[in-house]
Asks: 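Have a look at this one before I ask anything.
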Number of protein chains: 2
Amino acid sequence: MESQDLKKAGLKATLPRLKILNFLEDSEVRHMTAEEVYKALLESGEEIGLATVYRVLTQFETAGLVTRHHFEGGQSVFELNEGTHHDHILCVKCGRVDEFMDETIEERQHAIADKLGYAMTDHSLYIYGICPECQKKAK
Amino acid sequence: MESQDLKKAGLKATLPRLKILNFLEDSEVRHMTAEEVYKALLESGEEIGLATVYRVLTQFETAGLVTRHHFEGGQSVFELNEGTHHDHILCVKCGRVDEFMDETIEERQHAIADKLGYAMTDHSLYIYGICPECQKKAK
DNA sequence: AATCATAATGAGAAGGCTTCGCATTTCTAT
DNA sequence: ATAGAAATGCGAAGCCTTCTCATTATGATT
């Protein structure tokens, strides 16, 4: 019963929010735009408005349930927070997204913020490249 | 004579392009939105259209004269390419931008791309935090 | 279970940033 | 100087996202 999760997050357990949360949890794709969520829900027969999807995803972000990414291309991409922190590497050809985590980089970032006197609140690291599959195709 | 720089970059030396390039070179602010460039030029008495500023900055980016950043907040921010590669740390309170370069992080990024089989083309690293001045104010 | 105050939704309008389309102007090579 | 090609400026249009507001759903209370 996910309605508990929503209430813990300080959100009323409304139908649209439950639908979106369930969808994010069940989807095998981990990174999606608001529009992709919206269309997928419509296609699965749910009634929902695009504005609601945006609102709910923003609330989820504030509540810490979801992370919003600013990959190149303009649209925001959302990801359900599961497991631990990680960064992303993206294929510039096919859009594939892989995740990684490097303790050394994390440490260096904190060291840099400290050295410059910043109280670090967040960071974003995206590596762009051509994924193995797209390299094969190109040959 | 910057018109040479433009021609080297494969761009016709037109007045708007020269104005924008000169402005970027003379400005003490290194990171600016298209609109900021546009308004600054208007205020200094130049005639120019906003669409032209966008077009020219995009051309400069393609030509390698300028880098476009996607800081949080929606607008693209442009920076004249001078000196060497560096990453950015931004203050979430006042918008201040500082630059840094960490050889270890650079190496780790390449190592990660290699390990995952990606041919790395680019990367972007932004650290967000509260700058020293804003920390003082908060107390 | 019915009621009520409040908060959330849906649909479309509106907003911000960026690009497009096209008539006019500016470049550059002749 | 001149012609052909490319660039400009303006407004319109396009995206993505947020806002507005009438309607509807939620959850606490009776």
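Letters A, B, ... are given to chains in the order of the sequence lines, protein chains preceding strands, and every chain is numbered from 1. All figures in this text were calculated on a predicted structure; none of them were measured in a lab. Just so you know, these numbers use all the heavy atoms, side chains as well, and skip hydrogens, waters and symmetry mates.
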Asks: Quick one: what's the B/S/- string for nucleotides 25-30 of chain C, heavy-atom cutoff under 4.0 Å, read 5' to 3'?
Replies: --BS--

Asks: Using whole Å, what does the distance between atom P of nucleotide C/dT18 and atom CG of B/Leu50 come to?
Replies: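 Atom-to-atom, B/Leu50 to C/dT18, this comes out as 9 Å.
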
Asks: With no hydrogens and no angle check, just 3.5 Å: does a side-chain donor-acceptor pair link A/Asp98 and B/Tyr118?
Replies: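 Present: a donor and an acceptor within the cut-off.
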
Asks: To the nearest Å, give me how far apart CD1 (A/Ile48) and C1' (C/dA8) are.
Replies: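 Those two atoms, CD1 and C1', are 11 Å apart.
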
Asks: Could you list by number each residue of residues 51-61 of chain A showing a heavy-atom separation from DNA chain C of less than 4.0 Å, or answer none if no residue does?
Replies: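 Close to the strand are A/Ala51, A/Thr52, A/Arg55.
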
Asks: So, B/Gln135 side chain and A/Gly117 main chain: donor-acceptor pair closer than 3.5 Å or not?
Replies: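 Such a contact is found between B/Gln135 side chain and A/Gly117 backbone.
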
Asks: Using whole Å, report how far CD of A/Gln75 lies from C1' of C/dT18.
Replies: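 Atom-to-atom, A/Gln75 to C/dT18, this comes out as 14 Å.
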
Asks: First and last nucleotide of DNA chain D touching chain A, 5' to 3', heavy-atom cut-off 4.0 Å?
Replies: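 Using the under 4.0 Å cut-off, the span is D/dC16 to D/dG27.
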
Asks: Are side-chain N/O atoms of A/Arg55 and A/Thr52 paired as donor and acceptor at under 3.5 Å?
Replies: yes

Asks: Here's a test of your reading of the structure: between A/Arg17 and B/Arg68, which maps to the more 5' nucleotide of DNA chain C?
Replies: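 Nearest-nucleotide comparison on DNA chain C picks A/Arg17.
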
Asks: So for atom CD, which belongs to B/Glu82, do other residues, nucleotides or ligands contribute more than 12 heavy atoms lying within a distance under 6.0 Å?
Replies: yes

Asks: Roughly how far apart are A/Leu6 CG and A/Gln59 CD, rounded to 0.5 Å?
Replies: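 Output value for this atom pair is 10.0 Å.
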
Asks: Please report the interatomic distance CD1(B/Ile112) to CG(A/Leu125), rounded to the nearest 0.5 Å.
Replies: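 These two atoms lie 7.0 Å from each other.
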
Asks: Rounded to the Å, how far apart are A/Leu42 CG and C/dG10 P?
Replies: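 Answer to the nearest Å: 10 Å.
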
Asks: Taking atom types as modelled, is there a side-chain donor on A/His123 or A/His85 under 3.5 Å from an acceptor on the other?
Replies: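 There is such a pair between these side chains.
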
Asks: Any base atoms under 4.0 Å from A/Thr33, or only sugar-phosphate, or nothing? Heavy atoms, all strands.
Replies: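 Nothing: the residue A/Thr33, judged by heavy atoms under 4.0 Å, touches no strand.
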
Asks: Measure the acute angle between the ring planes of A/His69 and A/His31, then classify it against the limits of 30° and 60° as parallel, tilted or perpendicular.
Replies: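 Ring orientation, 0 to 90° scale: tilted.
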
Asks: Is the closest side-chain donor-acceptor distance between A/His88 and A/Glu79 under 3.5 Å?
Replies: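 A/His88 vs A/Glu79: donor-acceptor pair found between side chains.
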
Asks: Nearest 0.5 Å, what's the CG-CZ distance between B/Asp5 and B/Arg17?
Replies: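 The distance works out to 13.5 Å.
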
Asks: Figure out the CZ/C1' separation between B/Phe78 and C/dT18, and round it to whole Å.
Replies: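 Rounded to the whole Å, the gap is 9 Å.
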
Asks: Looking at A/Lys93 and A/Glu133, is any side-chain nitrogen of the basic one under 4.0 Å from a carboxylate oxygen of the acidic one?
Replies: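 The answer is no: the pair does not qualify as a salt bridge.
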
